[in-house]
Asks: 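Following this message is one structure expressed as structure tokens.
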Amino acid sequence: MPEGHMIHRVARDHNRLYRGQQLSVTSPQGRFQASATKLDAKTLERVDAYGKHLFYWWAGDQVLHIHLGLYGKFRNHRSPPPTPRGAVRLRVIGDTHAFDLNGPTACELITPTQQIAIADRLGADPLRKDADIEQAWSRISRSRSVIGKLLLDQSVIAGVGNVYRAEALFVNQLAPERAGQTLDRNQFDSLWQTLVAMLRIGVKYNRIITADPDEVGKPPSRMNRSERLLCYKKECCPRCKTAIKSWELGARKMYACPACQV
DNA sequence: AAGAATGTTATGTA
DNA sequence: CTACATAACATTCT
């Protein structure tokens, strides 16, 4: 489920619900990265999101690094939380709220130095104010690699996943197979602005919505799964009705309109 | 109910 | 050095 918007949403929610509190941190199903349990009853100072990575800063300079990978999932509860569902790797309990974490790729205690190293290798995050847009432009404008792959490269742009890649290229009418170096500055800027807008909407509604609610005729919260997207997993192009083409690109399934995207 | 999936990293090859 | 392919890993949803 996770693209950058969800990670930033979690950071926002968890800062609101848990910041400054003394929390109980346990690992109910044991086997996964049990070092997290060393954090039993610590004070949470803040939660940061960089791309798809989360960092929980605790008193005593300990950082809990979480990456959801493809399957990882947070489940929120009221305190006290119910019996764990599935393989809960991490359970955090506060006075009023609690959450479980299932199936993450990473859930590990790291040092502030390691945190910097991880953040440093990530590219510009459209949801962060400190995003280095020039660096993203520099990487893309010099690359012979294809824009459909570059968008998934977290060291170029951090936080974009398979859905936003398809949707952003569709909106900008860019063919995924175009080499990065063939984009001009205006096209890059427009693509970037699309990503910023899309991800912000994602954080706001906690789901990916790239279709225009006015066109659909429903408020964003009421839109069906298929109504929310323009191109990803669609049968035909909403602009010209041409059949959407799908193929593997960068080891993930790409969707694009062969007529509109050039 | 099998298969796909909103991901990353490590490793090998050209 | 860059680019690309592949495998490994985790679990939920349809």
Side-chain angles (χ1 to χ4, degrees), chain A residues 1-10 27-34 36 49-55 65-76 84-90 100-108 110 114 117-123 125-127 138-170 176-177 179-181 195 198-203 205-211 223-226 228-234 246-256:
Chain A
M1 298 200 104
E3 294 204 35
H5 70 290
M6 288 201 184
I7 302 310
H8 283 260
R9 169 72 178 225
V10 167
S27 213
Q29 255 72 10
R31 71 180 208 266
F32 191 80
Q33 291 163 336
Y50 285 75
K52 300 168 187 169
H53 296 254
L54 278 167
F55 300 102
H65 171 224
I66 293 177
H67 192 290
L68 264 38
L70 197 48
Y71 316 115
K73 188 169 189 140
F74 284 102
R75 255 189 274 265
N76 295 313
R85 173 139 48 118
V88 173
R89 307 306 190 195
L90 182 75
D100 288 334
L101 173 62
N102 295 57
T105 285
C107 176
E108 55 184 356
I110 60 174
Q114 292 173 299
I118 294 171
D120 275 354
R121 63 164 202 251
L122 294 171
D125 179 345
L127 288 173
S138 157
R139 287 284 301 272
I140 288 172
S141 62
R142 283 194 267 175
S143 177
R144 278 183 297 175
S145 185
V146 140
I147 189 66
K149 291 180 185 178
L150 290 166
L151 283 183
L152 288 186
D153 185 338
Q154 300 299 300
S155 70
V156 176
I157 294 183
V160 173
N162 204 24
V163 177
Y164 283 124
R165 136 172 113 160
E167 296 294 304
L169 289 175
F170 175 79
E177 309 281 12
Q181 61 185 183
L195 291 170
M198 282 181 170
L199 284 156
R200 282 188 184 158
I201 288 172
V203 172
Y205 296 103
N206 205 18
R207 43 179 55 153
I208 302 175
I209 300 172
T210 56
M223 288 157 72
N224 304 327
R225 191 185 186 73
S226 64
R228 288 180 219 139
L229 301 178
L230 299 167
C231 178
Y232 184 78
K233 284 190 178 169
K234 289 285 185 176
S246 73
W247 71 102
E248 289 276 320
L249 181 63
R252 315 299 305 281
K253 199 132 193 171
M254 181 71 218
Y255 299 83

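All values reported here derive from a predicted model rather than from experimental measurement. So you know, we letter chains A, B, ... as the sequences are listed, proteins then strands, and number each from 1.
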Asks: Could you measure the distance from the CZ atom of A:Phe74 to the CG atom of A:Leu90? Nearest 0.5 Å is fine.
Replies: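 Going from CZ on A:Phe74 over to CG on A:Leu90, the span is 8.0 Å.
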Asks: Send over the distance from A:Arg252 CZ to B:dA4 P, rounded to a whole Å.
Replies: 14 Å
Asks: May I ask you to verify if any side-chain N or O of A:Asn162 is less than 4.0 angstrom from the OP1 or OP2 atom of B:dG7?
Replies: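 The answer is no; no side-chain N or O of A:Asn162 sits under 4.0 Å from OP1 or OP2.
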Asks: Heavy atoms only: give me the nearest A:Ser145-A:Leu150 pair and the separation to one decimal.
Replies: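 So the minimum-distance heavy-atom pair works out to O-CD1, 3.7 Å.
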Asks: Would you say A:Arg165's side chain and A:Leu151's backbone share a donor-acceptor pair under 3.5 angstrom?
Replies: no
Asks: Let me know the distance between CG of A:Asp100 and P of C:dA10, rounded to the nearest Å.
Replies: 19 Å
Asks: Please check the phosphate of C:dT2 (OP1 and OP2 only) for any side-chain N or O of A:Arg139 closer than 4.0 Å.
Replies: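 No, outside the criterion.
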Asks: Expressed in angstrom and rounded to an integer, what is the separation of A:Glu248 atom CD from B:dA4 atom C1'?
Replies: 11 Å
Asks: Please list, in numerical order, the residues of residues 141-159 of chain A that have a heavy atom closer than 4.0 Å to any atom of DNA chain C.
Replies: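 Under 4.0 Å from DNA chain C: A:Ser145, A:Lys149.
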Asks: Does the side chain of A:Arg85 come within less than 4.5 Å of A:Asp100's, by heavy atoms?
Replies: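 No; the side chains remain at least 4.5 Å from each other.
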Asks: Please tell me if A:Arg89 has a side-chain N or O lying less than 4.0 Å from either OP1 or OP2 of C:dA10.
Replies: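 Looking at the OP1 and OP2 atoms of C:dA10, neither is under 4.0 Å from any side-chain N or O of A:Arg89.
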Asks: Choosing from B:dA5, B:dG7, C:dT12, which nucleotide comes nearest the side chain of A:Lys73?
Replies: C:dT12
Asks: Applying side-chain contact (heavy atoms from CB on, under 4.5 Å), can you list everything that pairs with A:Ile201, at least two apart in sequence or on another chain?
Replies: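 With neighbours one apart ignored, the set is A:Tyr205, A:Ile209.
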Asks: CG of A:Leu68 versus P of C:dT12: gap in Å, rounded?
Replies: 11 Å
Asks: Hey, are the side chains of A:Met198 and A:Pro126 touching, using non-hydrogen atoms and a 4.5 Å cut-off?
Replies: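 A:Met198 vs A:Pro126: side chains apart.
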Asks: Restricting both atoms to N or O, compile the protein contacts to nucleotides 11-14 of chain B shorter than 3.5 Å, with distance only.
Replies:
none

Asks: Nearest to the side chain of A:Leu70, heavy atoms from C-beta on, is which of C:dT12, B:dG7, B:dT9?
Replies: B:dG7
Asks: Which residue pairs pass the salt bridge (Lys or Arg N to Asp or Glu O under 4.0 Å) test with at least one member in residues 141-152 of chain A, sequence neighbours excluded?
Replies: none
Asks: NE2 of A:His67 versus P of B:dG7: gap in Å, rounded?
Replies: 8 Å
Asks: Using atom CZ of A:Phe74 as one end and atom P of C:dA10 as the other, report the distance to the nearest whole Å.
Replies: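 In whole Å, C:dA10 P lies 18 Å from A:Phe74 CZ.
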Asks: Taking atom P in both B:dA4 and C:dA7, what distance in whole Å separates the two?
Replies: 15 Å
Asks: Could you pick out which residue, A:Arg85 or A:Gly250, lies toward the 5' side of DNA chain C when each is mapped onto its nearest nucleotide?
Replies: A:Gly250
Asks: What contact category does A:Arg121 fall into here, base, sugar-phosphate, or nothing, at under 4.0 angstrom with non-hydrogen atoms?
Replies: sugar-phosphate
Asks: May I have the distance from A:Lys253 (atom NZ) to B:dG3 (atom P), rounded to whole angstrom?
Replies: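 Rounded to whole Å, this separation is 15 Å.
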Asks: Name all residues meeting the ring pair (Phe, Tyr, Trp, His ring centres under 6.0 Å) criterion together with A:His67; count only those two or more places apart in sequence or in a different chain, and write none if there are none.
Replies: A:His53
Asks: May I have the distance from A:Met254 (atom CE) to B:dG7 (atom P), rounded to whole angstrom?
Replies: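 Result: 13 Å.
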Asks: Dot-bracket for DNA chain C, 5' to 3', counting Watson-Crick or G-U wobble pairs under 3.5 Å, with [ ] for crossing pairs and | for inter-strand pairs?
Replies: .||||||||.||||
